[in-house]
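When a ligand or atom number is given, it counts from 1 through the structure's own listing order. Only this structure's heavy atoms are used, side chains among them; waters, hydrogens and symmetry mates stay out.
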Amino acid sequence: MNADLFVRIAQIQANIPNHVKLIAVSKQVPATAIRAAYTAGIRDFGENRVQEAIAKQAELADLEDITWHLIGNLQANKAKKALTHFQWIHSVDNLKLAQKLDSLAGELNLCPSICLQVKILPDPNKFGWHLDQLYADLPHLDRCKNLQIQGLMTIPPLGLDEAQTQDVFNRTRELAQAIASQSWERIKMTELSMGMSGDYQAAIQAGATMVRIGTSIFGRRNKG
Ligand SMILES: *Cc1c(COP(=O)(O)O)cnc(C)c1O
């Protein structure tokens with residue numbers, strides 16, 4: 001079983017240029033499989049639930065050079081735990097949450113890396129900033145001095161065809177470029193977190209710098 005995992009990871013790594021970071025999405029995956037992926041060279045893991053991640057992190061505490069990425073929706077009441085257990089939060093999707101993370105990070109003496117999750121197309125199932133709201137919030141986000149706002153994250157709506165998916169990724173890159181051209185003091189737009197098992201090639205073509213891949217590494221999950 002570990003041999004299969006090694007082959008799958010090697011195949012994906014061969015498909016990803018060196019400048020693109022592979023985040024292995026380990027939600028619903030036991031700590032033993034995470035450890036195997038670590039042995040295969042993975043150092044970045046993505047989880048969508050804070051509580052589930054904390055339990056597995058305790059089992060993997062000896063693997064000190066893992067970078068943990070929170071990629072799932074974050075409730076304000078879990079913000080503190082998210083900050084103490086993840087170096088990256090990809091799923092910051094509203095100003096209130098960003099400001100809460102900023103003030104908590106200040107208290108905790110942390111400077112987490114975050115992505116602003118955006119919704120390029122209307123999607124009832126996905127969290128994310130609408131573009132108008134994001135532009136209105138940028139001046140406030142730029143004042144969050146404890147956050148390292150690194151770029152954008154997006155998840156295309158379900159059921160798009162290839163061309164539509166490519167278009168979502170291209171428009172996300174264009175949005176990042178447009179924001180970057182406004183030369184904010186703190187906000188950086190150097191990272192684009194986009195692409196999952198089914199669409200990471202399209203995302204990389206559009207300029208993704210981080211891909212979040214679960215199923216193609218660990219196999220099918222029960223749900224989510
Ligand atoms: C589950 C998940 C992924 C990984 O999806 P796969 O299709 O299993 O590769 C990526 N990003 C987010 C936000 C996820 O929730």
For ligand 1, find out whether one of its N or O atoms is nearer than 3.5 Å to an N or O atom of Ser216.
no
Give the atoms of ligand 1, by number and element, whose distance to some non-hydrogen atom of Ile155 is under 4.0 Å.
13 (C)
For Ser91 and Gln117, does a side-chain donor sit closer than 3.5 Å to a side-chain acceptor?
no
Would you mind telling me which of Lys56, Gln57, His85 makes a side-chain hydrogen bond (donor to acceptor under 3.5 Å, both in side chains) with Glu47?
Lys56
State the atoms of ligand 1, each with its element, that fall below the 4.0 Å cut-off from a heavy-atom position in Ile213.
9 (O)
Less than 3.5 Å between some nitrogen or oxygen of Gly214 and one of ligand 1, yes or no?
yes
Considering the heavy atoms of Arg212, write down every atom of ligand 1 situated less than 4.0 Å from one of them.
4 (C), 9 (O), 10 (C), 11 (N), 12 (C), 13 (C)
Would you say Asn48 has any N or O atom under 3.5 Å from an N or O of ligand 1, going by distance alone?
no
Proximity to ligand 1 by part of His90, non-hydrogen separation under 4.0 Å
neither
Restricting to non-hydrogen atoms, name the atom on Glu52 and the atom on Val29 that form the minimum distance, rounded to 0.1 Å.
OE2-N, 4.3 Å
Least distance between heavy atoms, Val20 atom then Ala208 atom
CG2-O, 3.4 Å
Using a 3.5 Å distance criterion without hydrogens, assess whether the side chain of Gln164 forms a donor-acceptor pair with backbone atoms of Asp161.
yes
Checking Asp199 side chain against Ala202 main chain: does a donor-acceptor pair fall under 3.5 Å?
no
Check ligand 1 against Thr215 and write out every atom of the ligand that is under 4.0 Å from a heavy-atom position of the residue.
6 (P), 7 (O), 8 (O), 9 (O)
Winner among Ser197, Gly46, Gly198, Gly219 once heavy atoms are compared against atom 6 (P) of ligand 1:
Ser197
Taking only Lys NZ, Arg NE, NH1 and NH2, and the carboxylate oxygens of Asp or Glu, determine whether Asp62 and Arg35 approach each other closer than 4.0 Å.
yes
